[in-house]
Amino acid sequence: MPDLPPLPAPSHPRPERPRAIVLVGFMGSGKSTVGYSLAASLGWGFQDLDAVIATAAGKSIPQLFKEEGEQAFRARESDALATTLAQAELEPLVLALGGGGFVPEWNRAMLQNGKALTVFLDHPLDLMWKRCREAVTERPLASDYDSFQRLYRERLPIYEMSHLRVATAGKLPKEIAGVIQDWLRSSQPS
Ligand code: S3P
């Protein structure tokens with residue numbers, strides 16, 4: 001079971017047999033690493049939405065922000081989410097969303113289709129900042145601490161609309177994946 005109580009009354013039901021487990025959270029919260037590990041232990045496919053967007057566009061994420069702007073990136077992100085969720089109908093998958101992917105209402109509506117389980121990876125802000133600074137990949141929205149912190153505070157109530165929350169500080173990706181998997185097992189209807 002997740003080690004925090006379920007989030008308050010989501011406006012959408014939690015799927016008992018999800019086709020997609022969607023990891024939600026801020027930049028540097030470990031969505032891709034945990035997602036990869038979770039998919040491997042479930043024997044499910046894994047997709048990183050940023051990678052889907054970059055492949056479809058033939059450009060890196062920083063390049064897209066620079067050349068097309070954030071709004072165009074968000075449109076691409078919604079398209080990629082729709083395509084990926086359609087794929088989940090054929091093959092169940094774990095999906096790591098980008099840090100802003102759960103913010104547009106339209107994206108959340110797509111994720112409330114009764115087939116996706118959303119899991120918020122709740123990691124301490126300072127550690128996420130450190131991770132982003134040390135990462136090889138550039139993150140266009142992680143250039144200074146003040147705006148990073150502001151954005152996190154704005155988004156936190158939105159991340160909290162997820163079905164589940166896992167506090168991830170001090171846990172290995174494998175352990176976090178285990179928490180999610182335990183929850184899945186315990187919630188399967190008999
Ligand atoms: C973003 C997070 C990034 C990427 C883009 C925008 C955001 O993904 O989608 O740079 O708005 O928080 P990660 O959360 O994987 O870093």
Side-chain angles (χ1 to χ4, degrees), residues 20-40 45-85 93-111 116-169 171 173 176-177 180:
I21 299 177
V22 181
L23 302 181
V24 170
F26 204 48
M27 293 171 265
S29 58
K31 300 174 298 273
S32 304
T33 324
V34 171
Y36 190 77
S37 170
L38 178 62
F46 171 70
Q47 295 277 17
D48 179 313
L49 202 65
D50 279 348
V52 176
I53 299 164
T55 304
K59 292 177 187 174
S60 70
I61 304 298
Q63 225 181 332
L64 282 172
F65 266 74
K66 211 181 208 167
E67 292 174 12
E68 301 182 6
E70 182 172 353
Q71 221 181 330
F73 170 78
R74 297 297 169 202
R76 287 184 178 276
E77 190 173 45
S78 294
D79 282 353
L81 180 59
T83 310
T84 309
L85 289 176
L93 56 85
V94 177
L95 172 65
L97 275 195
F102 201 53
V103 175
E105 234 179 296
W106 172 243
N107 292 3
R108 290 203 303 281
M110 281 195 263
L111 291 166
L117 176 78
T118 51
V119 183
F120 168 33
L121 301 189
D122 189 2
H123 204 64
L125 180 66
D126 288 0
L127 297 183
M128 293 190 287
W129 172 248
K130 190 165 177 275
R131 225 179 237 169
C132 288
R133 298 316 296 161
E134 288 168 357
V136 182
T137 34
E138 184 204 330
R139 286 175 166 98
L141 299 181
S143 54
D144 72 278
Y145 184 76
D146 283 352
S147 53
F148 189 77
Q149 177 174 244
R150 206 173 321 116
L151 194 59
Y152 171 73
R153 288 189 179 146
E154 270 170 34
R155 288 179 178 177
L156 183 58
I158 299 174
Y159 295 146
E160 288 176 336
M161 292 178 196
S162 304
H163 292 115
L164 298 176
R165 178 214 307 247
V166 185
T168 58
K171 292 192 185 86
I176 303 164
I180 300 168

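In each ligand, atom 1 is the first atom listed, and ligand 1 is the first ligand listed. When reading the values below, keep in mind they use all heavy atoms of this one structure, side chains included, and skip hydrogens, waters and symmetry mates.
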**Prompt:** Under a 4.0 Å heavy-atom limit, does E138 contact ligand 1 with its side chain, its backbone, both, or neither?
**Reply:** neither

**Fill in**
Counting heavy atoms under 4.0 Å, the part of R139 that contacts ligand 1 is side chain

Show me which atoms of ligand 1 lie under 4.0 Å from any heavy atom of [X].
{"X": "L141", "answer": "7 (C), 11 (O)"}
{"X": "I61", "answer": "5 (C), 10 (O)"}
{"X": "G98", "answer": "8 (O), 9 (O), 14 (O)"}

**Message:** Using a plain distance cutoff, I'd like to know if G99 has any nitrogen or oxygen under 3.5 Å from a nitrogen or oxygen of ligand 1.
**Reply:** yes

**Prompt:** Taking the minimum heavy-atom distance to atom 8 (O) of ligand 1, which of T137, V103, D50, L151 ranks first?
**Reply:** D50

**Request:** Kindly identify the option in A142, S60, G100, A135 whose heavy atom sits closest to atom 7 (C) of ligand 1.
**Result:** G100

**N-O pairing of E70 and R74 below 4.0 Å** = yes

**Request:** Please confirm whether R74 comes under 4.0 Å of ligand 1, counting heavy atoms of the residue only.
**Result:** yes

**Request:** Measure the distances from the heavy atoms of E70 to every atom of ligand 1 and state whether one is below 4.0 angstrom.
**Result:** no

Quick check against the 3.5 Å criterion: does [X] have a side-chain atom that pairs as donor or acceptor with the backbone of [Y]?
{"X": "T118", "Y": "V22", "result": "no"}
{"X": "D48", "Y": "S32", "result": "no"}
{"X": "R165", "Y": "L121", "result": "no"}
{"X": "R139", "Y": "I61", "result": "no"}
{"X": "R76", "Y": "I53", "result": "no"}

**Request:** Can you establish whether the number of heavy atoms outside Y36 located under 6.0 Å from its atom OH is more than 12?
**Result:** no

**Asked** Identify the closest protein heavy atom to atom 10 (O) of ligand 1: which residue and atom is it, and at what distance?
**Response** P140 CD, 3.5 Å

**Request:** Provide, to 0.1 Å, the distance between atom 12 (O) of ligand 1 and the closest protein heavy atom, together with that atom's residue and name.
**Result:** R155 NH1, 2.7 Å

**Prompt:** Do M128 and F148 come close enough that some side-chain heavy atom pair is under 4.5 Å?
**Reply:** yes

